[in-house]
Structure formats: structure tokens, C-alpha cells
Amino acid sequence: MIRVNTAFDRPDPALVDRLAAYSAATIHEAQGRLGALASAIKPVDPEMSLCGPAFTVRCAPRDNIMLQVAIAHARPGDVIVVSAGDYAEAGSFGDVLANACVAKGLGGLITDTGVRDTRELRALGFPVFSRSVSIKGTVKETVGPMAEPVLIGGELVRPGDVVRADADGVVVVRREDLADVLRKSQERIDAEEAYIASYRAGKSVIEVSGL
């Protein structure tokens with residue numbers, strides 16, 4: 001049975017804001033090298049960055065009706081996470097829908113299918129991370145689940161999990177692990193800063209790393 005939900009638990013916004021201070025790579029390493037989406041999912045502009053609760057939706061390949069439903073129901077700050085079968089040959093999102101997202105104050109879009117109007121998306125500044133860029137249009141025919149767990153980029157993303165994305169990639173953090181991942185991310189930053197200080201003081205990589 002297809003479940004089209006509109007409500008789910010979201011993480012503490014203060015914790016989400018704190019997570020945004022760390023890179024996707026730092027978070028991935030800090031949580032035991034877990035949560036990284038496939039590297040094929042990239043920003044349409046390397047300056048784009050996002051961090052927010054996932055509003056998940058599943059679309060049929062070359063069909064974006066459920067993406068539009070998700071945009072209509074998402075809340076400010078939510079990141080729309082679209083699982084569409086890892087199908088590259090479709091432009092399921094462009095500048096018109098991006099303007100709808102901006103008008104609602106949404107936090108960004110992550111999709112395993114294609115997008116288009118990339119020049120306009122870059123000018124608008126709405127963060128978009130996609131599997132591909134494609135001019136091929138989509139239909140609006142197939143109902144799918146919304147605010148349910150989805151598989152995207154080889155990772156399970158649940159509604160309310162936190163997604164962090166930057167120029168290097170996309171990582172997902174389980175909502176219940178957020179405080180722990182924040183602590184471990186800061187510990188990793190502290191350790192890396194100590195390594196850099198040691199290098200600048202004249203120590204070798206072998207010495208610092210204990211190789």
C-alpha cells in the first residue's frame with residue numbers, strides 16, 4: 001500500500017544548525033565512515049551547500065508529480081530528498097519548481113535523477129544536488145510514497161533524518177544520532193587541527209601519525 005504522509009518528527013533546529021558547521025566528509029568520517037550517498041550525486045554549483053531535515057519522496061522514473069506534492073507539503077528548512085530509481089535521463093526539476101521551493105523557504109533538493117535549467121538554478125542560489133543534468137521532460141502520472149524511508153545513492157534516508165551536502169558530497173545522519181555525531185565531528189576537527197599544528201612545528205607525517 002502506498003503511504004502518502006505529511007507529518008513526521010523533525011530534529012532540534014539548533015542541532016541542525018550546529019551540524020551545518022561541519023563538512024560532509026568530516027561528518028561521514030566522524031560517524032564511522034557511514035551515511036555517504038553515492039558520489040554521482042553532485043551539486044549543480046560547487047558553492048552550493050545545505051543542511052536540514054529530509055522530506056522524503058519516491059517518484060517513478062521520468063515522473064515528477066510526487067516531487068511537486070512534496071514541495072507543496074514541506075516546511076521551511078526541509079530538504080526534499082527524491083528517490084527516482086537512479087535514472088539519469090530525465091530533467092525532473094528546474095527553475096520553475098526551484099522558485100516554488102524558495103518561496104516556501106525550503107532548504108534544498110537532493111535527487112538521484114536529473115535536473116535542468118542549471119544556469120537559472122545557480123543564479124537563484126537554491127541548493128540542488130542531482131544524479132545528472134538532462135533536458136528531457138517528465139510526465140505527471142504515478143502516485144508514490146511520501147514521508148516514508150527511501151533508498152537513494154545506496155543509503156536509506158528516513159523522513160526527519162538530517163542531510164548535509166557540500167561540494168564534496170552528501171551524507172545522512174540519523175535523527176537519533178545527531179547529538180553524538182556532533183560531538184564526534186568536533187573531536188575529529190580538534191584532532192586534525194593538532195596534526196596541522198604538529199606539521200607546522202616541523203614534525204613529519206610519520207611522526208604525527210605514529211606510522
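- More than 12 heavy atoms of other residues, nucleotides or ligands sit less than 6.0 Å from atom CZ of R183.
- Dense packing is recorded around CG of L151, with more than 12 heavy atoms of other residues, nucleotides or ligands lying under 6.0 Å away.
- Scanning both residues, F126 and M48, for their nearest heavy atoms gives O-CE, 3.3 Å.
- Between L67 and L109 the shortest side-chain heavy-atom distance falls below 4.5 Å.
- A side chain to side chain contact (heavy atoms under 4.5 Å, CB included) with P159 is found for exactly one of N5, V81, T56, V150, namely T56.
- Residue K203 qualifies as open at atom NZ: its count of foreign heavy atoms under 6.0 Å is 12 or below.
- Few gaps surround CG on L211; more than 12 heavy atoms of other groups in view lie less than 6.0 Å from it.
- Here the side chain of D95 pairs no donor or acceptor atom with the backbone of L121 at under 3.5 angstrom.
- Under the 3.5 Å distance criterion, with hydrogens and angles disregarded, no donor-acceptor pair is assigned to the side chains of R164 and S23.
- For the pair V162/V181, no side-chain contact is recorded, criterion being any heavy-atom separation below 4.5 Å from C-beta on.
- Dense packing is recorded around OH of Y199, with more than 12 heavy atoms of other residues, nucleotides or ligands lying under 6.0 Å away.
- Salt-bridge check for R131 with D112: failed, with every basic side-chain N at 4.0 Å or more from each acidic carboxylate O.
- Within the 3.5 Å criterion, the main-chain N or O of A24 finds a donor-acceptor partner in the side chain of D166.
- The side-chain heavy atoms of V143 and I65, taken from C-beta on, include no pair separated by under 4.5 Å.
- Residues V171 and Q31 are in side-chain contact: their nearest non-hydrogen atoms beyond the backbone lie under 4.5 Å apart.
- A distance-only check finds a donor-acceptor pair linking the side chain of D78 to the backbone of R75 [under 3.5 Å].
- Between the side chain of D45 and the backbone N or O of R122, no donor-acceptor pair lies under 3.5 Å.
- Although no hydrogens or angles enter the test, the distance criterion places no donor-acceptor pair under 3.5 Å between the side chain of D63 and the main chain of C59.
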